[in-house]
Amino acid sequence: MSHEPRRAGRHFLQIPGPTPVPERILAAMSRQILDHRGLEFQRLGKRVLAGIKSLFKTQGQVIIFPSSGTGAWEAGLTNTLSPGDKVLMCETGQFAVLWEGMASKLGLETDVIPTDWRIGADAALIEQRLREDKAHKIKAVCVVHNETSTGCRTRIDEVRKAMDAAKHPALLMVDTISGIAAADLRHDEWGIDVTVAGSQKGMMLPPGLAFTAISAKAIEASKTAKLKKSYFAWDDMLSMNATGFFPYTPATGLLYGLAEAIDMINEEGLENVLARHERLAEATRRAVVGWGLELQCRDSKYYSPAVTTVVMPEGHNADAYRKIVLDNFNMSLGTGLNKIAGKAFRIGHLGDTNELTIMGALTGVEMGFDLAGVPHKKGGVAAAMSYLAETAANPVKLAAE
Ligand SMILES: *Cc1c(COP(=O)(O)O)cnc(C)c1O
């Protein structure tokens, strides 16, 4: 039992994942456990394994692991690569740093293209590195689609074009853990070989499921890849999945939730879901500009539809500010990570979010600035409101009586 006094209303969880879970999904998950080798499960297994494909825009297979997104990173690397293989990575932010660290620990050689953490991966630099790699020592290019720490999105279509222009055969691996169902991702069209995602961000589910969309080329690579794996091996998973089952006990409760989440996304329409994220992100950025503050993402080409990272004015600590917002308005904002710790905070606007959720959040941010004495201009919230009203779906003017 908590000894905190009760706080009325709901907590505003505005971090860029995990995100609040809609009632429909909570209800779908609160069911008795079922036999994971039985017919009822088989129907559920087939339903989610088929349904998940459209979120990745793939006709190919999508593996569902009972793990956090990090597990699917590991699976992607160990199933396709061998000890000592070189991988090209782009240090776009904290999640790229973590993926890079994992690759090194697994015995891969990492070739890292640095950035200033204020843009996505630069396709021109990737092309240059690949052209220099005449012997094709680089076996995979790994990029983070939506860099959750900075609010910068990598243009995966441009990365694909760069790889094609360099005529380089490396695999393309994409982390879209915080991008799935928020930022457009086209696994097949963009020729991605391994796309990694997680349940707890744009997909509106609790943490605990990881997804990997894989290409035929990735499956081919997995036949000769020598890095060790067992639990995360694709082959057992793929052969069991063919009949709707899993090689070990799946997270059945979360799969009920997943089936519901897929239905909800299809009912709204995936393209509408993506457009909603773009619109709420734009409203958020207009608020930041209205406050006279700086976006961590310095080039509009790379703006993220899922999260906005805000640079704190010099001399003001972002975490002290976040605590004031939490204590006063019961809202959690995302912390700055690694080299921008204390210097920036993040506003998540992904998953089950609408106009009034984001307006509530932005209002809390602006009131927090007042309370914390953070220098800012008035009018951020007003700018976001105007934009949302101007772009409303059903604008109807009442005639004067
Ligand atoms: C959240 C996140 C991760 C880590 O995923 P876990 O589910 O915490 O393992 C990795 N990459 C990105 C881009 C993320 O947003």
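Because the structure is a prediction, the values reported are computed rather than measured. Indexing begins at 1, ligand by ligand and atom by atom, following the structure's order. FYI, the numbering just counts along the sequence from 1.
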**Prompt:** Is Phe95 close to ligand 1, meaning an N/O of one under 3.5 Å from an N/O of the other?
**Reply:** no
**Request:** Around atom 8 (O) of ligand 1, find the nearest protein heavy atom and jot down its residue, atom name and distance.
**Result:** Gln200 NE2, 3.9 Å
**Item:** Pair Lys86 + Asp133, salt bridge at N-O below 4.0 Å
**Value:** no
**Message:** Testing the basics here: between Asn330 and Arg7, what is the closest heavy-atom pair and its distance to 0.1 Å?
**Reply:** N-NH2, 3.3 Å
**Item:** N or O contact, Glu147 vs ligand 1, cut-off under 3.5 Å
**Value:** no
**Asked** Mind checking whether His145 has a heavy atom under 4.0 Å from ligand 1?
**Response** no
**Request:** Measure the distance from atom 1 (C) of ligand 1 to every protein heavy atom, then report the residue, atom name and distance (to 0.1 Å) of the closest one.
**Result:** Lys201 NZ, 1.4 Å
**Item:** Note, Trp234 side chain near Lys229 side chain (heavy atom, < 4.5 Å)
**Value:** no
**Item:** Heavy-atom proximity to atom 10 (C) of ligand 1, best of Thr148, Asn146, Ile177, Thr92
**Value:** Ile177
**Prompt:** With backbone taken as N, CA, C and O and side chain as the heavy atoms from C-beta onward, which portion of Trp73 lies under 4.0 Å from ligand 1: side chain, backbone, both, or neither?
**Reply:** side chain
**Item:** Distance under 6.0 Å and angle within 45° of ring axis: Arg10 vs Phe12
**Value:** yes
**Asked** Can you tell me which residue and heavy atom of the protein come closest to atom 11 (N) of ligand 1, and the distance to 0.1 Å?
**Response** Asp175 OD2, 2.7 Å
**Message:** Taking 4.0 angstrom as the limit and counting only heavy atoms of Ser68, give me the atoms of ligand 1 inside it, by number and element.
**Reply:** 6 (P), 7 (O), 9 (O)
**Atoms in ligand 1 flagged as close to Val144, the criterion being non-hydrogen separation under 4.0 Å** = 13 (C)
**Prompt:** Once the angle between the rings of Phe345 and Tyr321 is folded into 0 to 90°, is it parallel (under 30°), tilted (30 to 60°) or perpendicular (over 60°)?
**Reply:** tilted
**Message:** Is there a salt bridge (Lys or Arg N to Asp or Glu O under 4.0 Å) between Glu158 and Lys301? Walk through the geometry before answering.
**Reply:** CA-CA 12 Å; Glu158 291 185 5; Lys301 169 177 164 182; 3.1 Å; yes
**Request:** Considering heavy atoms of the protein only, find what lies nearest to atom 4 (C) of ligand 1 and give residue, atom and distance to 0.1 Å.
**Result:** Thr70 OG1, 3.9 Å
